[in-house]
Participant: 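Dumping the structure here so I can ask a few things about it.
In each ligand, atom 1 is the first atom listed, and ligand 1 is the first ligand listed. Computed from heavy atoms alone, side chains included, the values below leave out hydrogens, waters and symmetry copies.
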Amino acid sequence: MKFGGSSLATAARIRQAASIVQHFSAENKIVIVASAMDDVTDRLVEIAESVQKGEMREAQTLLTRLQRFHTTVATSIARESSRRDIVASTDVLKTELGKTVEGASHLREMTPRSRDYLLSFGERFSAPILTSAVQALGLKARPMTGGEAGITTDDNFGEAKPLIEVSYHQLRKRLEPLLSKNQVPVVTGFIAASVDGSPTTLGRGGSDYTASMIGAALAADEIWIWTDVDGLMTADPRIVKNAKVLPSVSFGEALELSFFGAKMMHPHALQPASQRKVPVRIKNSRKPDGTGTLVCDRESDDNGRVVKAVSIIRDVGIVTVGGAGMVGAPGVAGKVFQTLGTNRVNVIMISQGSSEATISTVVARREVDRAVRALQLALLGQGQVDKILQEKDACIIAVVGSGMRGTPGVAARVFSAVASRKVNVRMVAQGSSEYNVSFVVSEKEGPDAVRAIHDEFKLGN
Ligand code: ASP
Ligand code: MG
């Protein structure tokens, strides 16, 4: 069971998380994975940035606030459990955090290694506090870092990659004996250790990845992700009033949905679970009895529905490279993507018509200018590309469902639904997995397009 930051945002939420564990531990052996409380990791990132900019006052203010916050929570949990030791161990961490910030402030330097060390405090605070809350309910529980639990990574700080087989082996060796003694391991999400023992982080949102790895290593029956939504939805409920929770989706569908902004796991995090076929359940910690959404190996057709969900990615722009000289000239696409790649522009969507006279890409809006400049420098004046265009006002609509594969007429329905609302489609792409049809419309028309498709495929019924 992984508890996200929102499910651990206050002392009360931590107590609730603990009682969820207690409830389900009657019939299950549970490993807990704890995220940092609330948005603590964001605050730690801000501290790192202040230190780097030499804004010591700002860093100090943020630091003091974070320290007080954790003391208040630890004190509240301790009062209930009459376990003073959690206050003492929170104090130790507070001091260590203070020294870390102070040291970095003197040097005015934040290397990737020290940044990871700083970011590790969020989970190092939360896991022992959650452990205390679980112990207060009479369970035997033990806090440990991801590194102590056995997750070993390379030393690519900030986005470290686990050494999978070693980690699996160690996770089993360290966690299984605890489980067989009826202890509940409480593992920090997000943080691990490099081979030489330095703390590393798995990238933002990495606690899901931790949970996925642990579930896979132990061949768990299920991995439960406790969060603040009821599960995966057919659409964003702020856009579509009758959006509903999807009872189950396949790993393939979840992957498409998570790429397309559904508030769920990072696609990367699904990998270990999907490889070892361990189902993942997304559940709302405020409504523990809800069934949530099950992500599993099976493709359920959900009463013959070809389309399961429609989502939207906002704040993107189109960058188009065109020129008569591109027709039949090999290597232009290669240069386009090479240039975008070396300039760290992430390409979200691609399309090229068979005339070959243009290649369009969709990138984050804040990266449009950088992309255009880089492409101008690299491509203009060589006889192939003669124009580079941009449109900043755009959003992507993604229509997802494994049943679309091999079913004729889905695209026709999608686009006539959109056309009936007089929404203009600017660009289209479908991957050959056929799990996903994506297209681009203006930002303003995005919500209408989403509603049109949700209605057309009766996703709310
Ligand atoms: N605390 C980390 C973050 O906010 C990891 C996580 O929550 O999954 O990115
Ligand atoms: Mg978080």
Participant: Give the contacting part of S207 toward ligand 1: side chain, backbone, both or neither, where contact means a heavy-atom distance below 4.0 Å.
Facilitator: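 Both backbone and side chain.
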Participant: Find all atoms of ligand 1 within a distance of less than 4.0 Å from any non-hydrogen atom belonging to R204, and give their numbers and elements.
Facilitator: 3 (C), 4 (O), 9 (O)
Participant: For E148, which residues count as a salt bridge (Lys or Arg N to Asp or Glu O under 4.0 Å) partner, sequence neighbours excluded?
Facilitator: none
Participant: Below the 3.5 angstrom mark, is there an N/O of D208, backbone or side chain, next to an N/O of ligand 1?
Facilitator: no
Participant: Which of the numbered atoms in ligand 1 are below 4.0 angstrom from a heavy atom of E123?
Facilitator: 1 (N), 2 (C), 5 (C)
Participant: Using a 4.0 Å cutoff against the non-hydrogen atoms of S35, which atoms of ligand 1 qualify?
Facilitator: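 Here the atoms of ligand 1 in question are 6 (C), 7 (O), 8 (O).
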Participant: With the threshold set at 4.0 Å, does a side-chain nitrogen-carboxylate oxygen contact exist between D315 and R365?
Facilitator: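 Answer for the salt bridge query: yes.
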Participant: Report yes or no: does G189 have a heavy atom closer than 4.0 Å to ligand 1?
Facilitator: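 Heavy atoms of G189 never come under 4.0 Å of ligand 1.
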Participant: Which heavy-atom pair separates H454 from G460 by the least distance, and what is that distance?
Facilitator: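 For H454 versus G460, the nearest heavy atoms are CE1-N, 3.4 Å.
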Participant: A side-chain contact here means heavy atoms from C-beta on lying under 4.5 Å apart; do Y209 and P272 qualify?
Facilitator: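 Yes; the side chains approach each other to less than 4.5 Å.
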Participant: Looking only at heavy atoms of G205, does any of them come nearer than 4.0 Å to an atom of ligand 1?
Facilitator: yes
Participant: Taking CD in Q338 as the centre, count heavy atoms belonging to other residues, nucleotides or ligands within less than 6.0 Å. Is the count above 12?
Facilitator: no
Participant: If you look only at distance, which donor and acceptor atoms sit under 3.5 Å apart when one is on a side chain in residues 15-23 and the other is two or more places apart or in another chain?
Facilitator:
unit_1	atom_1	unit_2	atom_2	d
R15	NH1	S76	OG	3.3
R15	NH2	S76	OG	3.4
Q16	OE1	R13	NE	3.2
Q16	OE1	R13	NH2	3.3
Q16	NE2	S285	O	3.0
S19	OG	Q16	O	3.0
Q22	NE2	L137	O	3.3

